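Heads up: the structure comes next, in structure tokens.
These numbers were taken from a predicted model, which means no experiment stands behind them. Residue numbers begin at 1 in each chain, while the letters A, B, ... track the order of the sequences.
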Amino acid sequence: MSITYLEAIQAAQDRALAQNESVYIYGQDVGSFGGAFKATKNLAAKYPGRVIDAPISEDAMVGSAIGATAEGMRPVLEMQFADFSTVAINQICNQAATQFWRTGVPCPITVRLPSGGTEGGGPFHSQSMEAIYAQYPGLIVLTPATVEDAYSMLLEAIAIDDPVVFCEHKYLYYHLKADQLPSKNLPVGKARIARAGKHATVVTYSAMVHEALRAAEALEEEGWQIEIVDLRSVKPIDTDTVLASVARTGRLLCVSEAFPWGGVNAEVIARVTAEGFHLLDAPPKRLNAKDTPIPFHPDLWKTHRPASQSIAASLRELLRY
Amino acid sequence: MAEADIKDTNPESRDSASKYQTAFRYMLLARIFEERAASLYRAGKIMGGVFMGKGQEAFSVGLGLALDHHRGDVYGPLIRDQAGRLAFGEPLIDAARTYLGSVEGPMRARDGNVHRGNIAMGLIPMISHLGSHISVVSGRLIGKRFTGQTGAIGGVCIGDGGTSTGAFHEALNQAAVEKLPLIIAVADNQFAYSTPTSRQFACKDLVDKAIGYGIEGHSIDATDLSLCLDTFEQAATRARDGQGPQLIIGHLLRLCGHGEHDDACYISAEKKQQAFGGDCLDLARQQLIEQDWASLTDIEQWTAKIQEEVEQATSSAQREPGPDPFQESWQALSTQRLAEGHTRA
Ligand SMILES: Cc1ncc(C[n+]2csc(CCOP(=O)(O)OP(=O)(O)O)c2C)c(N)n1
């Protein structure tokens, strides 16, 4: 058997609906159509009345989900593309994220964000928004890079009593396959060593984990052993695992597909320099997408985002220091 | 609050007289409390702001009384709904504590003034962003539909200015699509802060929006308490009967500044002489007396009792401790193991 990242997301929702009566799914075209990417395929028929088409109203989708939690429900929202979650940003960041702190009543919603670039996606169907949400107190932000994580972390997200922004990467939907779904996995909040090495650490997440792995293979041929930390969760960040890796390698490169200003890379570098300055043999580096909107044409897009070649080039520079 | 004798012998008019009396006393309580809050604000005892519902009490109380939290009804008030909150069942002390920053209040001094609520009782703790609470109330109704709690309805309040938000539009459309038992009370008080309605919308009456959403709409003189009570009662019945969202536009005039920091110099004195410019509390007082539903002495007695009640609430909230930054958990997640600030300074 082989299962894709996208199928794992469908399977996790299937399992959550089966296990817990209070779970329902709400989003545009998620019902009998099965969602723009088919992440809710067959679920409307299997769970009548619990997989509901929403109007194109991201604000009202999230607002109503927040209200439903007070009645004991655990809504899972699908944004058709992560980019459109900007319309719901007020409900996510100001309403959902503040509720527990203001009132002591938890707000267990899961907002699924089909994130990141694909060929031809263009400026408004390609964004990586994790840093925007991670900036707000009261949210958990997850960025699974593997089929196993897509499955287990989505199930865990739905079970968590706080609002979770679940950034699933569209590029991985069909590209990534696993033999089977996991029965056990690392919990949310723990990073994973995706590849062990001793000369430099790459801290990354989501689709960039795979680009970094390819870069590490290229560097292995040149005699370098690169360690790759897959953050899995960008809020919270597992700083301990990152620091432990930097302690082993002395060199840090952070890679993210998001825009360069601020963000996860900046956060990781700030933490490592503040808490592990003495571990560093070279100034930490970061590699992001370029500081322009995301281009439509595949030839431009491939250069806009970090990829194995640019990661490898950054690593060579880092190792030369 | 003690009832005054109602002399009417006809049971139907006796019922409406007693409801009118109850409503009037919530209005009076709201007015007197807010005046007290305003003077505490001017004395520097209240931080942030004080927002009054002066002139809006009849419309506000109408919705508050039409809802019954014991039946599972949900209420989403906004900044000028002290009267509605009291009628819905929010204890006065919650308002006093929140305004005065007591840790004993429902928001534990983390949030202030009108940003308070009680999720368990169905009272939505508003955030500032206008329009965003409507879909939250809708969500509670959707949740009740899932969990089989039948018969409950929701009511939300918003101002004329708030109807211009995308959140308002999304929420009304969503409520219409889902045929939710939701009453949307729009207090058209002619101003949004300083902006007159001519700069806010271009339709003749906001009730025209009901047609576009495919829901029922009613437009009333919100200075008339009887009309407010009847309209909301009927809207509640229709919502409970499955007739979907009910949009009620109340026409009135804001008789105060936007907040106590604002002298409302942009509202001309003539406005008060024009249609909907009257004070609903004065009009209701007149009505009580004209209908022989209460005497001047009754009203004086109620006023004295209410003043005492307000004094008690504000002075006890003032005696209570404020927040201690060293006792604060400083964490925003309920899942402690995932809270960053908690594990790392
Ligand atoms: C989305 C949003 N924008 C701006 C504000 C700032 N603001 C607070 S109250 C207010 C005026 C509201 O007017 P209206 O809705 O007519 O209600 P009223 O104050 O007249 O009761 C404004 C602009 C806000 N709270 N929310």
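Distance CZ/B:Arg140 to CE/A:Met73: 13.0 Å, rounded to 0.5 Å. The distance from the CG atom of A:Asp162 to the CG atom of B:Leu333 is 4.5 Å, given to the nearest 0.5 Å. A:Glu156 CD to B:Leu338 CG: the interatomic distance, rounded to the nearest 0.5 Å, is 7.5 Å. Rounded to the nearest 0.5 angstrom, B:Ile134 CD1 and A:Ser64 OG are separated by 12.5 Å. With values rounded to the nearest 0.5 angstrom, A:Ser233 atom OG is found 7.5 Å from B:Glu340 atom CD.
Proximity to chain B (any heavy atom under 4.5 Å) is restricted, for A:Pro55, to the side chain, taken from C-beta onward. For a residue to count as touching a neighbouring chain, one of its non-hydrogen atoms must lie under 4.5 Å from one of that chain's; by this rule A:Gln99 touches chain B with the side chain only. Contact of B:Ile142 with chain A is made through the side chain alone, with heavy-atom distances under 4.5 Å. When heavy atoms are compared at a cutoff of 4.5 Å, B:His115 approaches chain A by way of both its backbone and its side chain. Proximity to chain B is limited to the side chain of A:Ile52, based on heavy atoms less than 4.5 angstrom apart. For a residue to count as touching a neighbouring chain, one of its non-hydrogen atoms must lie under 4.5 Å from one of that chain's; by this rule B:Pro106 touches chain A with the backbone only. Interface remark: A:Gln91 contributes side-chain atoms only to the contact with chain B (heavy atom separation under 4.5 Å). For chain B, no part of A:Val62 is nearby; none of its heavy atoms comes within less than 4.5 Å.
Between A:Ser57 and B:Gln174, the closest side-chain pair of non-hydrogen atoms is not below 4.5 Å. Residues A:Glu71 and B:Leu141 form no side-chain contact, since every pair of their non-hydrogen atoms from C-beta on lies 4.5 Å or further apart. Residues A:Asp59 and B:Ser135 meet the side-chain proximity criterion, which asks for heavy atoms closer than 4.5 Å. The shortest distance between side-chain heavy atoms of A:Thr98 and B:Asp111 does not fall below 4.5 Å.
When A:Val105, A:Asn90, A:Ile140 are compared by the number of non-hydrogen pairs under 4.5 Å with chain B, A:Asn90 comes out ahead. Ranked by heavy-atom pairs under 4.5 Å with chain B, the list A:Ala70, A:Pro137, A:Gly72 is led by A:Ala70. Contact count against chain B (heavy-atom pairs under 4.5 Å) is highest for A:Val188 among A:Ile66, A:Ile56, A:Val188, A:Thr69.
B:Arg108 contributes a side-chain N or O that, together with a main-chain N or O of A:Trp101, makes up a donor-acceptor pair within less than 3.5 Å.
Minimum heavy-atom separation, B:Pro125 to A:Arg102: O-NH1, 3.2 Å.
No side-chain N or O of B:Ser334 forms a donor-acceptor pair with one of A:Asp161 less than 3.5 Å apart.
Enclosure of atom CD in A:Glu21 is not indicated, since only 12 or fewer non-hydrogen atoms of other residues, nucleotides or ligands lie within 6.0 angstrom. Shown here is A:Tyr136, whose OH atom has no more than 12 heavy atoms of other residues, nucleotides or ligands within 6.0 Å. A 6.0 Å sphere centred on CD of A:Gln135 holds no more than 12 heavy atoms belonging to other residues, nucleotides or ligands.
The ring pair (Phe, Tyr, Trp, His ring centres under 6.0 Å) with B:Phe146 is formed by just one residue from the set A:Tyr47, A:Tyr24, A:Tyr26; it is A:Tyr24.
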